[in-house]
Each structure stands twice: as structure tokens, then as C-alpha cells.
Participant: 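The structure under discussion is supplied below as C-alpha cells; questions concerning it will follow.
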Amino acid sequence: MSPTLTDMTPTADCLFCAIIAGDEPATWVLSTPAVVGFLDVRPVFKGHVLLMPRQHIDTLTELPDQLVHPLFADVRRTAAAVRDGLGAQGTFVALNNTVSQSVPHLHVHVVPRTRGDGLRGFFWPRTRYADAAEAEHYATRVRTELDCQRRG
Ligand code: AMP
């Protein structure tokens, strides 16, 4: 069952819960009743921010409806602040879920980007669909699952 907004109990052994509780240091950039943001200690580029719900939630699929707007509204304004405040041209916004997620407390990376900054291709090897039929097959599987979810 999804936790509720009032379920603010820090999860033991969660580094980000410890930071949010003030038990571990961080360089803070944002703090609201629902959302916090601080600098990534090992930034891709300086000014790389991590935003997350105050409440311990493991991954995006567990994020309760009432936290979707505050979290992603703060991601949007932080993306603008990182771009404009740091004189960057844009941002890279990313969120690892389980795979490649080293801290199991949902967090969104907001990384300043400037053309020629050297971040080429990042960590995403790319592949190709064999043909349009294979692409359609993958799209159908996702659409079918979306329809199932909509119907409940
Ligand atoms: P991910 O690999 O997507 O789970 O991202 C976790 C991020 O947390 C990494 O980019 C780390 O550099 C960052 N990180 C780890 N420990 C800390 C810390 N104590 N304070 C701030 N960021 C941290």
C-alpha cells in the first residue's frame, strides 16, 4: 500500500532520510513541507541537484498522487534555477528506478548542461529497431499495459 503524506517516519539505513532528518550533512538548495533538494556530493557538473520527497518512497511507481505535483513542480522550477542561476544553457533531468539506483529513496537528478560540456551520450548505449514492425510491437505492449491500468 502507498504511504500517505503524513507518513514521515525516516526509514532506518536510508542515507537520504538521514540527510532530511539533519543527521547527515548536505548542501541544501530547497526545503518545502513535501520536497527537499540538495547538491549531489559527486556532481556530474557543479550545481547538480538532487530533489526528492521528504517522505521515504523507494521508486517513482510508489509515488502517491498527492506528491506528484509538488515533486515535479519543484523539479521544473529547479531546472530553470539551475539553468539561469548557473549560466547554463539547459539541464539533464533523470531518475533511476531500482536499476542503477544507488540510494533507494526516490530522487530526481537536475544537472546543468552547456553545449560542449563533454557529456556525450552519457551512460546510454543506443540500439535500433529491426524495422517498423518491431517498433510497433514494442509500442503495442506499452499501450496495452497503459489501457489495462486505465481500466483498473
Ligand atoms: P542514483 O545512483 O541515481 O541513485 O544517485 C544517487 C546519487 O546520490 C549519486 O549521484 C551520488 O553521488 C549521490 N550521493 C551519494 N551520497 C550522497 C550524499 N551524502 N550527499 C549528496 N549526494 C549523495
Side-chain angles (χ1 to χ4, degrees), residues 1-129 135 138-139 141-146 148-149:
M1 192 170 40
S2 292
T4 65
L5 247 184
T6 53
D7 180 9
M8 292 293 191
T9 318
T11 295
D13 300 329
C14 172
L15 171 62
F16 290 167
C17 281
I19 289 175
I20 291 164
D23 296 335
E24 291 289 337
T27 307
W28 288 76
V29 298
L30 182 146
S31 176
T32 76
V35 178
V36 301
F38 47 83
L39 294 183
D40 192 304
V41 77
R42 297 273 323 275
V44 174
F45 296 116
K46 291 174 185 173
H48 174 170
V49 173
L50 301 175
L51 288 161
M52 64 202 70
R54 219 171 247 290
Q55 179 180 346
H56 183 93
I57 287 153
D58 287 353
T59 69
L60 182 62
T61 50
E62 287 94 45
L63 186 67
D65 286 349
Q66 67 268 30
L67 289 181
V68 171
H69 182 269
L71 177 60
F72 286 97
D74 283 337
V75 168
R76 179 173 58 187
R77 72 190 181 103
T78 303
V82 163
R83 181 194 59 203
D84 299 343
L86 301 177
Q89 292 173 329
T91 53
F92 176 67
V93 175
L95 198 176
N96 287 314
N97 287 291
T98 309
V99 177
S100 295
Q101 183 181 4
S102 57
V103 182
H105 182 133
L106 166 64
H107 52 281
V108 182
H109 299 256
V110 179
V111 179
R113 292 295 320 270
T114 298
R115 287 181 193 88
D117 61 17
L119 193 65
R120 259 196 230 111
F122 207 20
F123 40 71
W124 290 348
R126 302 294 181 117
T127 186
R128 289 183 190 281
Y129 295 103
Y138 275 84
R141 285 163 65 186
V142 176
R143 277 198 305 264
T144 303
E145 186 59 33
L146 284 169
C148 280
Q149 287 175 9

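Indexing begins at 1, ligand by ligand and atom by atom, following the structure's order. Atoms considered below: every heavy atom in the structure, side chains included; atoms not considered: hydrogens, waters and symmetry mates.
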Participant: Taking side chain to side chain contact (heavy atoms under 4.5 Å, CB included) as the definition, give me every residue that meets it alongside S102, ordered by chain and number, with sequence neighbours left out.
Facilitator: none
Participant: Mind checking what residues have non-hydrogen atoms under 4.0 angstrom from ligand 1?
Facilitator: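 Contacting ligand 1 under 4.0 Å are L15, F16, I19, F38, L39, D40, V41, R42, L50, N96, S100, Q101, S102, V103, H107, H109.
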Participant: Is the number of heavy atoms from other residues, nucleotides or ligands within 6.0 Å of CG (D13) greater than 12?
Facilitator: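 12 or below, so no.
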Participant: Checking S31 against R54 for the side chain to side chain donor-acceptor pair (under 3.5 Å) test, could you report, in this order, the C-alpha distance in whole Å, the side-chain angles of both residues, the deciding distance, and whether it holds?
Facilitator: CA-CA 9 Å; S31 176; R54 219 171 247 290; 2.7 Å; yes
Participant: For the rings on F92 and F45, is their centre-to-centre separation under 6.0 Å?
Facilitator: no
Participant: Tell me, yes or no, whether the heavy-atom count around R76 atom CZ, taken from other residues, nucleotides or ligands under 6.0 Å, exceeds 12.
Facilitator: no
Participant: I'd like to know whether the aromatic ring centres of H107 and H105 sit less than 6.0 Å apart in this structure.
Facilitator: no
